[in-house]
Amino acid sequence: MSTTGLVVDRGLEGVVVGSTMLSNVEGKIGRLTYRGFDIDDLAPNASFEEIVYLLLFGHLPGASELEGLKRELGARRTLPEPLVNAMQRFPKTSWPMDVMRTVTSGLALFSPVNERGEHVSDVHVAIELIAKMTTILAAWDRIRRGLEPIEPRADLSQAANFLYMRSGKVPSEIEADALDTYFVLLADHSFNASTFSARVTASTRADIYAAITAALATLQGDLHGGAASAAYNTLLAVETPDRAETYARGVLSRGERIMGMGHREYKVRDPRAKHLEAMAKKLSDYRGDSRWYDIARSLEDASNKVLQENKPDKKIYANVDFYTAPVLADLGIAGDEFTCLFACGRIVGWSGHVLEQLADNRLIRPQATYVGPTAGPFIPISERTQNGVAKK
Ligand code: ACO
């Protein structure tokens with residue numbers, strides 16, 4: 001409680017700031033549902049495209065509805081040529097997340113406006129953003145490697161087409177399924193920081209391009225989506241499974257955090273982690289190389305052990321980013337692209353939340369308690385010293 005009697009809640013922990021019909025996080029029991037469907041049922045059974053439909057249109061699609069959505073996604077994948085030309089001129093060292101945020105914002109330049117000169121923010125623009133996000137990342141992956149971007153294919157799923165656009169090879173079913181499941185698991189997560197950011201932006205009546213750009217900016221930090229790339233750096237640093245415990249102890253002794261561990265909402269293991277762990281195992285079996293899976297497995301055990309010793313009263317377990325690292329590494333994705341891949345899944349939730357906000361909008365504008373100095377008399381500059389205080 002502040003001196004003004006207003007409640008101050010750093011980090012808004014436990015504060016309810018709105019309602020949503022999109023997804024529900026039950027942190028104590030570790031359950032995540034999309035429009036009432038448990039992620040444990042959706043992850044092994046539903047395609048990413050079905051989830052896009054479910055989150056944007058409110059129900060699981062029938063066969064022809066799904067076909068219609070796939071056609072629209074396929075038709076909207078190609079990037080405006082001037083944006084691809086601009087990307088060719090970016091420094092090759094540019095961080096993929098910077099490129100994704102910049103180009104996503106740039107998509108607004110090529111989007112039609114209505115009679116009031118405003119961009120339309122509707123479900124079709126949402127589908128366009130979902131369709132193009134993976135194209136941006138695949139194009140940048142090739143451009144920075146000195147290669148020509150590959151045109152998207154409309155006949156492939158969102159996941160398979162992304163892998164195809166990187167390598168020019170249609171991926172195996174196991175690889176495409178792994179990425180598809182990853183996108184399903186990442187599609188939405190209630191009022192997380194980036195989604196909240198998108199909703200705050202939309203609440204000012206900024207358009208969907210602005211709101212998604214804001215969400216991308218918020219995702220970047222390593223307390224949120226940036227942990228995906230950071231978790232990969234952790235696997236690299238651990239090097240071999242037998243070094244996991246020494247590594248985890250070293251991190252804590254330096255007062256740092258183990259990336260991919262801990263969650264504001266979940267007080268048990270993140271329900272998405274088990275699906276990603278299973279996928280990591282499947283991919284490592286498929287590749288005949290279990291390096292990333294083995295390091296991740298032993299690092300999770302070691303982290304649980306040392307975190308329990310160091311902070312017995314805190315409930316810190318693996319979150320979604322932990323097993324993202326071995327899954328995406330086994331798919332051959334570069335470590336600095338992991339947070340972008342997160343965005344390629346979460347763009348669905350962001351768009352759904354922006355549309356939900358706009359459908360029943362009220363400006364989001366909280367308060368802060370002022371804790372600065374009390375007002376003093378204004379001193380004209382001629383009467384101030386070099387340090388800005390009143391001359392004697
Ligand atoms: N490693 C070591 N210590 C941790 C970790 C961790 N991964 N996570 C939390 N703690 C400790 C903190 O140091 C803190 O200790 P203190 O009370 O002694 O200061 C205590 O647990 C509470 O930390 P908070 O940051 O207040 O807890 P919060 O609920 O906000 O934490 C967060 C959530 C930010 C995700 C945190 O667990 C973390 O930093 N994890 C590592 C980064 C990460 O994986 N981020 C991805 C989250 S999932 C997502 O956004 C998709």
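Keep in mind that what you see is a predicted model, and the values were worked out from it rather than measured. In listed order, ligands and their atoms are each counted from 1.
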>> Among all the protein's non-hydrogen atoms, which is closest to atom 20 (C) of ligand 1, and how far away is it?
In response: K314 CE, 3.4 Å
> Quick one: nearest non-hydrogen protein atom to atom 35 (C) of ligand 1, plus distance?
Replying inline: G262 O, 3.7 Å
> For R264 and ligand 1, does the shortest N/O to N/O distance drop below 3.5 Å?
Replying inline: yes
> What part of L223, side chain, backbone, both or neither, has a heavy atom within less than 4.0 angstrom of ligand 1?
Replying inline: both
>> Below 4.0 Å, non-hydrogen atoms only: which portion of D222 touches ligand 1? Side chain, backbone, both or neither.
In response: backbone
>> Below 4.0 Å, non-hydrogen atoms only: which portion of F342 touches ligand 1? Side chain, backbone, both or neither.
In response: side chain
> Which distance, rounded to the nearest 0.5 Å, do you find between the NZ of K169 and the CG of L163?
Replying inline: 10.5 Å
>> With the threshold set at under 4.0 angstrom, would you say N192 reaches ligand 1 through any of its heavy atoms?
In response: no
> Who gets closest to atom 46 (C) of ligand 1 by heavy atom: L252, D321, N310?
Replying inline: D321
> Is the distance between the ring centroids of F196 and H353 under 6.0 Å?
Replying inline: no
>> Would you compute the distance between atom CD of E356 and atom OG1 of T195 and round it to the nearest 0.5 angstrom?
In response: 11.0 Å
>> Strictly below 4.0 Å, N to O, side chains only: are E118 and R205 in salt-bridge contact?
In response: no
> Which one of V320, N319, I316 has a non-hydrogen atom at the shortest distance from atom 10 (N) of ligand 1?
Replying inline: I316
>> If hydrophobic clusters are built from ILVMFWY residues whose side chains come within less than 4.5 Å, do F90 and L109 share one?
In response: yes
> Looking only at non-hydrogen atoms, which of E256, E265, M261 approaches atom 40 (N) of ligand 1 most closely?
Replying inline: M261
> Can we say K305 and D301 salt-bridge, meaning some charged N sits less than 4.0 Å from an Asp/Glu carboxylate O?
Replying inline: no
> Where's the contact between H189 and ligand 1, heavy-atom distance under 4.0 Å: side chain, backbone, both or neither?
Replying inline: neither
>> Geometry only, no angles: is G260 polar-contacting ligand 1 at N/O separations under 3.5 Å?
In response: yes
> Looking at K281, K274, R297, which hits side chain to side chain donor-acceptor pair (under 3.5 Å) with Y323?
Replying inline: R297
>> With a 6.0 Å cut-off on the ring centroids, do H189 and H263 count as close?
In response: yes
> With backbone taken as N, CA, C and O and side chain as the heavy atoms from C-beta onward, which portion of V251 lies under 4.0 Å from ligand 1: side chain, backbone, both, or neither?
Replying inline: neither
>> Quick check on the hydrophobic clustering: are W350 and L223 connected, directly or via other members, by side-chain heavy-atom contacts under 4.5 Å?
In response: no
>> For ligand 1, which is the ligand I care about here, please tell me if K267 has any N or O atom under 3.5 Å from one of the ligand's N or O atoms.
In response: no
> Between D270 and R272, is there a salt bridge with N-O shorter than 4.0 Å?
Replying inline: yes
> Relative to ligand 1, is R257 under 4.0 angstrom through side chain, backbone, both or neither, heavy atoms considered?
Replying inline: both
